[in-house]
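Quantities reported herein were computed from a predicted structural model and do not represent experimental measurements.
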Amino acid sequence: MSNDPFEVQVQHFAALKSKYQATKYEDSSPSSLLYLILRKADLECAITDFEWDWLLNQELLETIKAIEQEPLHKAEERTKLDANFSQLKSKFKVARHRDLRLSSPLYPILWKLDSENQLTDLEVKYLQQQGLTETVAIVQEMARFAALKAKYQATEYPDCSLDSPLYQILKQLDAREILSDVEANWLFNNQLVDTLEIFWQQKAVREAKFAQLKDKYKASEYPKTSVSSPLYPILKNLEADKQLSESELNWLEEHQLSETLSIVLEIEQQRHFAQLKVKYKATTYEDSSLSSHLYKVLKKIDLESQLGEQDINFLKKRKLTETITLALDKYAASLKSKIQSGEPLSEADFDWVKQNGRDDVITFAIEKYVASLKSKIQSGEHLSEADIDWLKQNGREDVITFAQEKEFSALKSKYDVSNYKDRAPSSPLYAILQKLDKGERLEPTDVAWLEENKIEASQPSYSYYGWQEERRYQGQRLFSGKIFTAYHKIEALFYEQEYKNTGNKWKLPNASSHWRKAEQPRSALKLTEHLDFDKIKENKLKSALLTTRGGAFRDINKLDDTERCALKAIEYQPQSHHPYTLMGAICFERSQFSEGERWFNEAIKRGASPRDQDAEMKRVVKNAKNGKRREVVEYLLKKDPQRYAWAKFYRNRQDG
């Protein structure tokens with residue numbers, strides 16, 4: 001007995017054909033569907049409707065009767081059949097299909113596909129219904145392979161596997177691709193002479209086409225005639241009006257095909273011209289030569305260049321009104337882009353804008369500049385005079401108002417009067433704060449206005465003079481805090497400069513007084529520290545200078561120096577009440593209340609007002625530390641609780 005598996009299957013098939021009266025069926029190949037059916041019958045497996053129909057179509061009626069009468073069963077053969085079908089399912093991508101029964105219609109379909117390499121439309125439909133998309137794709141590929149074999153005269157080649165080299169070769173032939181020498185030799189070695197002949201014919205046609213293209217595109221000097229040359233696809237792309245890549249252009253340059261490059265450049269320019277015509281609505285102009293003036297005009301437009309009068313007239317004569325509109329829009333857009341980037345427009349640009357009525361560009365420029373000014377204002381910068389003039393000329397007083405409002409708000413914040421209700425730049429406070437910020441002196445009317453007006457924020461306060469208790473909630477006077485100190489600093493500097501300009505020493509007490517009110521007593525001391533009192537003739541002036549100098553010492557808590565100045569001032573002018581008042585304040589600072597009262601009384605005898613005494617009392621109490629403050633407060637309230645009612649406010653206050 002033979003050991004060849006194929007021979008064994010052939011003998012087994014012959015035995016089954018004899019057993020089931022199918023000897024008239026000529027095909028003896030074990031891949032025949034009949035072999036599968038007879039093996040299933042021999043194993044008592046159910047025959048599917050598909051298989052019964054196949055037997056009827058083959059007119060094997062005796063075989064049908066024999067199968068229906070078959071009682072035998074062979075377990076070993078059934079195992080082999082199962083193994084065969086497992087291989088088929090794996091081969092045709094149905095290994096995961098849930099139906100594993102031998103009676104499934106899927107088995108004979110796969111068997112037939114494997115043996116005959118094709119299926120009917122109904123069989124393909126069955127596979128689709130089962131969701132076997134991968135199997136259907138294989139069927140379609142096998143059908144394509146069979147069609148290509150027929151088309152390129154390769155049907156005698158037995159291998160129908162999709163992995164066959166022939167399939168890849170035939171696909172290349174069908175795509176008119178060039179075969180390599182290895183692939184051509186494969187056809188020759190497998191005796192596919194007719195297929196090889198078709199390839200040679202294609203090659204000859206391509207080489208002839210290559211020669212024509214070389215001649216057409218001035219590349220005949222290139223020696224190689226093989227279509228495998230890089231020049232062939234380059235010339236094919238030119239013929240197909242495809243734009244060449246940078247690498248293709250470099251190849252032409254490297255091989256010194258300058259005439260070809262010139263043609264490429266001309267083609268590119270013609271393509272560019274055609275594109276520009278479409279882009280700028282100039283397709284009605286028939287002349288497509290590169291020397292046409294229209295090409296130059298369209299390139300200018302595309303480069304966002306300004307068209308001259310000659311160019312505009314050229315377009316007008318040819319009724320290319322849409323082109324003119326697009327050109328104007330494009331150049332206007334370029335100017336807006338220029339403005340957007342912060343670049344100023346030239347005089348020529350403005351002339352163009354006016355001549356062409358492009359108010360939108362002017363509006364855009366104005367809005368952009370306005371936005372930059374607002375940004376400048378927002379960041380805290382001040383507008384220049386030129387900015388303000390420009391805004392007025394262009395009717396943008398709103399920006400000026402915006403700047404003033406921002407500045408007013410910043411100034412109010414700087415001088416701690418943000419709560420002042422009036423925000424309008426027309427407020428007198430705005431002009432006053434501007435003066436202070438510039439270091440300009442205030443007019444008496446300005447000071448009076450500050451004295452009369454208050455911040456609306458309510459806070460506890462008392463009558464300044466304190467003759468009777470007047471506790472109520474009232475606003476803070478504007479002439480206080482930072483405004484007050486800024487005002488007095490400006491005044492102090494003014495009187496200092498006046499002294500330097502005139503040498504008039506009466507300016508010094510004024511300057512010193514203002515430095516003290518500006519909370520800069522050391523500046524007041526510096527102003528008077530080098531005076532030679534022996535050279536000053538007027539005792540009244542000496543007394544005034546010493547009194548103000550003593551007050552500055554008091555401000556920095558040097559009470560001994562204060563006392564020396566006050567006593568010396570009294571010595572120079574005994575009838576002036578100012579140094580007596582200063583001595584009274586010193587005594588109260590030292591808790592020498594009786595002595596202080598005596599000095600205050602002496603001051604009143606010389607014309608001082610009780611209000612001056614009260615002002616000094618308030619200052620003593622305000623500046624005193626906790627223990628001393630309480631001591632002074634208790635003394636005052638005990639002496640006259642009505643007059644000094646304001647002291648109650650300080651009774652329980654802590655330092656700071």
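- When each of Leu192, Val193, Ile198 is paired with Thr195, the side-chain contact (heavy atoms from CB on, under 4.5 Å) condition holds for Leu192 and for no other.
- Under the 3.5 Å distance criterion, the side-chain polar atoms of Trp52 are matched with a main-chain donor or acceptor of Ile47.
- Looking at Lys24, its side chain does come within 3.5 Å of a backbone N or O of Glu59 through a donor-acceptor pair.
- With Tyr280 as reference, Asp302 is the one residue of Thr325, Asp302, Thr323 to meet the side chain to side chain donor-acceptor pair (under 3.5 Å) rule.
- Although no hydrogens or angles enter the test, the distance criterion places no donor-acceptor pair under 3.5 Å between the side chain of Gln168 and the main chain of Pro165.
- Although no hydrogens or angles enter the test, the distance criterion places a donor-acceptor pair under 3.5 Å between the side chain of Thr63 and the main chain of Tyr20.
- Under a 3.5 Å cut-off, the side chain of Asp311 and the backbone N or O of Leu307 do not form any donor-acceptor pair.
- Looking at Ser180 and Glu183, their side chains do bring a donor and an acceptor atom within 3.5 Å of each other.
- Residues Ile263 and Lys218 approach most closely at CD1-CG, 3.3 Å, considering heavy atoms.
- Classified by interplanar angle (parallel below 30°, tilted 30° to 60°, perpendicular above 60°), the ring pair Tyr167/Phe145 is tilted.
- For the residue pair Tyr157/Gln191, the side-chain donor-acceptor check at 3.5 Å is not satisfied.
- Under the 3.5 Å distance criterion, the side-chain polar atoms of Asn394 are left unmatched by any main-chain donor or acceptor of Arg396.
- For Trp251 and Tyr222, the distance between ring centers is under 6.0 angstrom.
- Centroid-to-centroid, the aromatic rings of Tyr25 and Trp54 come within less than 6.0 Å.
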